[in-house]
Amino acid sequence: MDVLVCVKRVPAVGSEILLTADATAIDTRHLGFTIGPHEECAVEEAVRIAERTGGSAGVLTVGPPEADEQLRYAMSMGADHAVRVDDPVADPDPETTAAAITAALRGLPPDVVLFGEASADAGHAQVGFRVACALRRPVVGGVKGIGLDGDRVTLRCDAPDGVEVHEAPLPAVAAVLEGLNLPRYPTIKGRLRAKKATVRVIAPDLSTGRLRTLRLRHRPEARAETVVLGRGAAAAPAVVDVLADLGMVR
Amino acid sequence: MVLTVIERNGDGTPTAESAEVLAAARDLAEQLGVPVAAVAVGDAGDLPDDLAKRGVAQLHLLQHALLADGSPSCTGEALSQLVAAQRPAAVLAPGTDRSTEAMAWAAAELGVPLATACTEIRPGIRPGEPWEVTRERSGGILLEDAVLDAPIRLATVRPGAPVPSETAAAHEVTVHVLVPDLDASVPRARLVDRRPRAAGMTLTTAPVVVAGGRGVGGADGDAVLEELAGLVGGAVGCSRVATNNGWRPHADQVGLTGTRISPDLYVACGISGATQHWVGCMNARSILAVNTDPEAPMVTRATWAVIGDVHEVLPAVIAELRRRSGR
Ligand SMILES: Cc1cc2nc3c(=O)[nH]c(=O)nc-3n(C[C@H](O)[C@H](O)[C@H](O)COP(=O)(O)OP(=O)(O)OC[C@H]3O[C@@H](n4cnc5c(N)ncnc54)[C@H](O)[C@@H]3O)c2cc1C
Ligand SMILES: Nc1ncnc2c1ncn2[C@@H]1O[C@H](COP(=O)(O)O)[C@@H](O)[C@H]1O
């Protein structure tokens with residue numbers, strides 16, 4: 001079984017986010033980069049499926065050369081090949097991303113293509129569905145469990161009122177959520193292998209989509225000053241006073 | 001027209017999120033001077049009467065056996081056919097997972113952009129001029145102003161938008177049925193099983209959530225969280241550090257890739273308040289932070305804080321609670 005995972009290089013922001021002077025992007029001069037947790041689980045799942053079925057686990061990204069770092073991270077987790085669709089734009093719009101992935105997939109027909117439910121930075125929550133539509137593949141989103149059964153795949157999701165199980169013929173597409181599994185940490189051996197592995201680069205013709213970022217903004221925050229109730233165990237009576245005021249002491 | 005996607009409750013009425021979108025659609029339609037239309041799957045039922053009070057002039061019902069599952073590819077394809085026929089100025093849908101997925105499929109079929117999680121939609125002044133939207137990125141960590149440049153503007157509206165209380169002047173709602181021509185050659189996913197969730201308090205329904213992070217220091221440290229939550233009638237949550245270390249199941253994780261909650265009180269124990277955690281709890285009515293670091297972002301943003309070690313503070317709070325309630 002061949003599985004391919006689409007991952008995006010995103011800034012690993014902490015508790016404060018700085019924007020560039022023109023406010024069109026996050027100032028990443030002092031930041032590291034990562035892939036989102038949903039995608040990390042997708043990579044883990046792909047590696048497990050490949051191990052179980054004797055197939056392959058590939059990773060693909062659309063982005064600039066720096067995004068090879070994230071492909072190598074996925075390879076250090078056990079992915080066995082990587083493709084980068086070259087795009088100088090760090091945060092392409094979802095139409096462009098989907099078109100780039102669709103073009104790349106025409107040359108690599110995996111049995112299962114995995115996406116994250118939403119990218120960690122832009123969060124458009126649409127690239128996987130656009131690709132599935134373009135390729136005319138079955139797709140399920142919000143996936144928290146994947147089972148393989150011959151030429152079919154079962155996909156388990158949390159719905160607002162319970163759990164749903166979907167079944168799709170292969171080849172299929174799924175957008176997955178963190179919680180699907182507990183991703184492994186890369187081993188030293190895995191890191192060394194990934195360092196030496198090659199990333200295949202392709203450069204299809206891409207036109208830009210029609211959702212264009214003008215500026216990023218911080219959300220207005222209206223919080224009063226914090227009331228410090230005290231230090232250590234001595235603060236307990238004050239804490240219980242607060243709980244009592246809120247009607248929580250029964 | 002502004003076309004509004006209606007999700008329905010089990011009894012056929014519009015969901016709360018759909019009511020929010022209808023309010024946003026009415027606002028937009030007024031600015032554009034066009035009518036509001038709605039689209040829903042299934043039979044009319046009481047929907048026309050209900051929508052009349054919400055200012056809707058036309059209701060389009062999508063009817064097809066394949067739509068019963070709620071499959072986004074089928075709904076998306078049906079929606080794209082309705083949109084291609086009606087050419088609305090805009091299509092607004094609730095920002096729920098299901099509607100977002102259907103809208104993404106429809107946008108791909110129609111070859112148009114889609115702006116998700118919008119908090120504001122600003123139409124161009126002249127016809128054909130690009131529109132602007134404000135959308136939430138990363139679950140609301142940042143806001144993004146973006147240009148949406150297309151002949152038909154597709155957008156999903158972030159849940160939680162305010163709904164005006166007064167209803168619009170009642171309209172006569174005309175009902176139109178569309179039986180979409182769903183492409184039989186497209187392989188689809190099928191819903192094969194649906195199991196209802198076990199009853200009981202969840203992170204999203206609990207009035208109080210007591211959550212632990214790295215500062216709690218491991219699965220053994222969680223006993224005090226459980227005990228405190230039990231005493232105040234709440235649920236236990238955690239940060240991603242706790243989940244990644246296997247201290248708690250992912251279902252308990254609060255944050256961007258976990259659950260977004262809005263309890264009356266959030267008690268954050270040994271949690272620093274990284275942006276990705278903060279978006280999960282920022283809608284709490286109040287926050288109590290327990291942290292050794294007075295400068296931790298969770299502390300500086302909290303309503304109340306206790307500076308100290310969770311392993312000293314929580315047992316003391318539990319003892320005081322028991323003393324006062326005589327338990
Ligand atoms: C794309 C992405 C998505 C993410 N999604 C999520 C998400 O959904 N949810 C989430 O939680 N995180 C998420 N994260 C991770 C997030 O960035 C932080 O790493 C995480 O929230 C930190 O968890 P923490 O606060 O428990 O740990 P830390 O940041 O290490 O903070 C520990 C805190 O405990 C305090 N402390 C230490 N010892 C004690 C003690 N004995 N008593 C009291 N206080 C003590 C410290 O002062 C510190 O403030 C995501 C990250 C990325 C990149
Ligand atoms: N630049 C990219 N390269 C590869 N995959 C991407 C890229 N952007 C988004 N994706 C994939 O599409 C999913 C949904 O992204 P989005 O629609 O932006 O929320 C992500 O979780 C990734 O799996």
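Here is how names work: the chains are called A, B, and so on, in the same order as the sequence lines, proteins then strands, and each is numbered from 1.
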Student: Could you work out, with side chain to side chain donor-acceptor pair (under 3.5 Å) as the rule, every residue matching B:Thr243, not counting sequence neighbours?
Tutor: B:Gln253
Student: Only pairs of heavy atoms separated by less than 4.5 Å count here; which of A:Val242, A:Leu177, A:Val131 has the most with chain B?
Tutor: A:Val242
Student: Is any side-chain heavy atom of A:Phe33 closer than 4.5 Å to a side-chain heavy atom of A:Thr28?
Tutor: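 A side-chain contact under 4.5 Å exists here.
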Student: Could you walk me through whether A:Thr96 and A:Asp93 pass the side-chain hydrogen bond (donor to acceptor under 3.5 Å, both in side chains) test, one step at a time?
Tutor: CA-CA 6 Å; A:Thr96 307; A:Asp93 68 88; 2.5 Å; yes
Student: Looking only at heavy atoms and a cut-off of under 4.5 Å, which of A:Pro94, A:Ser15, A:Ala159 has the most pairs with chain B?
Tutor: A:Ser15
Student: Heavy-atom pairs under 4.5 Å with chain B: which of A:Leu243, A:Thr154, A:Leu155, A:Val10 has the most?
Tutor: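 Counting heavy-atom pairs under 4.5 Å, the top option is A:Leu243.
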Student: Which pairs with one or both residues in residues 139-150 of chain A pass salt bridge (charged side-chain N to carboxylate O under 4.0 Å, His left out), sequence neighbours excluded?
Tutor: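 Applying salt bridge (charged side-chain N to carboxylate O under 4.0 Å, His left out) to every pair that reaches into residues 139-150 of chain A, excluding sequence neighbours, yields A:Lys144-A:Asp158, A:Asp149-A:Arg152.
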Student: Can we say B:Glu320 and B:Arg322 salt-bridge, meaning some charged N sits less than 4.0 Å from an Asp/Glu carboxylate O?
Tutor: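 B:Arg322 and B:Glu320: not salt-bridged.
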Student: Looking at A:Glu178, A:Arg136, A:Gln126, A:His166, which one has more heavy-atom pairs under 4.5 Å with chain B than the rest?
Tutor: A:Glu178
Student: For A:Arg184, is there an ion pair with A:Glu44 - N to carboxylate O distance below 4.0 angstrom?
Tutor: yes
Student: Report the residue from B:Val254, B:Leu256, B:Ile287 that forms a side chain to side chain contact (heavy atoms under 4.5 Å, CB included) with B:Trp278.
Tutor: B:Ile287
Student: Which residues from residues 142-150 of chain B are near chain A, with near meaning under 4.5 Å between non-hydrogen atoms?
Tutor: B:Leu142, B:Leu143, B:Glu144, B:Asp145, B:Ala146, B:Val147, B:Leu148, B:Asp149
Student: Is it the case that atom CG in A:Asp22 sees more than 12 heavy atoms from other parts of the structure closer than 6.0 Å?
Tutor: yes
Student: Side chain, backbone, both or neither: which part of B:Ala117 has a heavy atom under 4.5 Å from chain A?
Tutor: neither
Student: Below 4.5 Å, heavy-atom pairs only: which of A:Val153, A:Ile26, A:Val165 has the largest tally toward chain B?
Tutor: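 Heavy-atom pairs under 4.5 Å are most numerous for A:Val165.
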Student: Against chain B, label A:Val240 side chain, backbone, both or neither, depending on which of its atoms sit under 4.5 Å from a heavy atom there.
Tutor: both
Student: Examine whether an atom of B:Pro72 lies under 4.5 Å from a heavy atom of chain A, and if so say whether it belongs to the side chain, the backbone or both; otherwise answer neither.
Tutor: side chain
Student: Taking the side chain as C-beta and beyond, is there a heavy-atom pair between B:Val313 and B:Cys269 under 4.5 Å?
Tutor: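 Answer no - side chains too far apart.
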Student: Taking every non-hydrogen pair under 4.5 Å, which of B:Ala104, B:Pro113, B:Ala108 racks up the most with chain A?
Tutor: B:Pro113
Student: Please identify, among B:Asp264, B:Val306, B:Val299, the residue contributing the most non-hydrogen atom pairs under 4.5 Å to chain A.
Tutor: B:Val306
Student: Which residues pass the side chain to side chain donor-acceptor pair (under 3.5 Å) test with B:Asp183, sequence neighbours left out?
Tutor: B:Ser185
Student: Is a salt bridge present between B:Glu77 and B:Arg188, judged by a nitrogen-to-oxygen distance below 4.0 Å?
Tutor: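 Between B:Arg188 and B:Glu77 there is a salt bridge, with a charged N closer than 4.0 Å to a carboxylate O.
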Student: Pick from B:Leu288, B:Thr292, B:Thr156, B:Val186: which one has the most heavy-atom pairs with chain A under 4.5 Å?
Tutor: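 The residue among B:Leu288, B:Thr292, B:Thr156, B:Val186 with the greatest pair count is B:Val186.
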Student: Between B:Thr204, B:Thr116, B:Asp309, B:Ile307, which shows the greatest number of heavy-atom pairs under 4.5 Å with chain A?
Tutor: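 Option with the greatest count: B:Ile307.
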Student: Checking A:Ile101 against A:Val127 for the side chain to side chain contact (heavy atoms under 4.5 Å, CB included) test, could you report, in this order, the C-alpha distance in whole Å, the side-chain angles of both residues, the deciding distance, and whether it holds?
Tutor: CA-CA 9 Å; A:Ile101 295 172; A:Val127 167; 3.8 Å; yes
Student: Could B:Arg301 and A:Glu16 be called an ion pair, given the rule that one side-chain N must be under 4.0 Å from one carboxylate O?
Tutor: no
Student: Please classify the contact of A:Leu211 with chain B as side chain, backbone, both or neither, using a heavy-atom distance under 4.5 Å.
Tutor: both
Student: Does A:Glu164 pair with A:Arg156 as a salt bridge, N-O distance under 4.0 Å?
Tutor: no
Student: Please state whether the side chain, the backbone, both or neither of A:Ala118 comes within less than 4.5 Å of a heavy atom of chain B.
Tutor: neither
Student: In terms of heavy-atom proximity below 4.5 Å to chain A, should B:Leu191 be classed as side chain, backbone, both, or neither?
Tutor: both
Student: Check each atom of B:Pro187 against the heavy atoms of chain A and say whether the ones under 4.5 Å are side chain, backbone, both or neither.
Tutor: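 Looking at B:Pro187, backbone and side chain both touch chain A.
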Student: Below 4.5 Å from any heavy atom of chain B, which atoms of A:Ala125 appear? Answer side chain, backbone, both or neither.
Tutor: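 For A:Ala125, backbone and side chain are both near chain B.
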Student: Pairing donors with acceptors under 3.5 angstrom, does anything connect the side chains of A:Arg215 and A:Thr24?
Tutor: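 A:Thr24 and A:Arg215 do not have a side-chain donor-acceptor pair below 3.5 Å.
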Student: By a 4.5 Å heavy-atom criterion (distance strictly below it), what part of B:Arg190 contacts chain A: side chain, backbone, both, or neither?
Tutor: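 It is both, since atoms from each part get that close.
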Student: Determine the option with the most heavy-atom pairs under 4.5 angstrom with chain A, choosing from B:Gly233, B:Gly308, B:Gly273.
Tutor: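 The answer is B:Gly233.
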Student: Any idea which of B:Thr100, B:Asp97, B:Leu114 has the most non-hydrogen atom pairs under 4.5 angstrom with chain A?
Tutor: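 Among B:Thr100, B:Asp97, B:Leu114, the one with the most close pairs to chain A is B:Leu114.
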Student: Can you tell which of A:Leu246, A:Val139, A:Val140 has the highest number of heavy-atom pairs within less than 4.5 Å of chain B?
Tutor: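 Heavy-atom pairs under 4.5 Å are most numerous for A:Leu246.
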Student: Before you tell me yes or no, could you show the steps for B:Glu109 and B:Trp105 under side-chain hydrogen bond (donor to acceptor under 3.5 Å, both in side chains), namely the whole-Å CA-CA distance, both residues' side-chain angles and the distance that decides it to 0.1 Å?
Tutor: CA-CA 6 Å; B:Glu109 292 273 9; B:Trp105 187 284; 2.9 Å; yes
Student: Contact part of A:Asn181 toward chain B, heavy-atom cut-off under 4.5 Å: side chain, backbone, both or neither?
Tutor: neither
Student: Using a strict threshold of under 4.0 Å (side-chain N to carboxylate O), is an ion pair present between A:Asp111 and A:Arg137?
Tutor: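 So A:Arg137 does not pair with A:Asp111 through a salt bridge.
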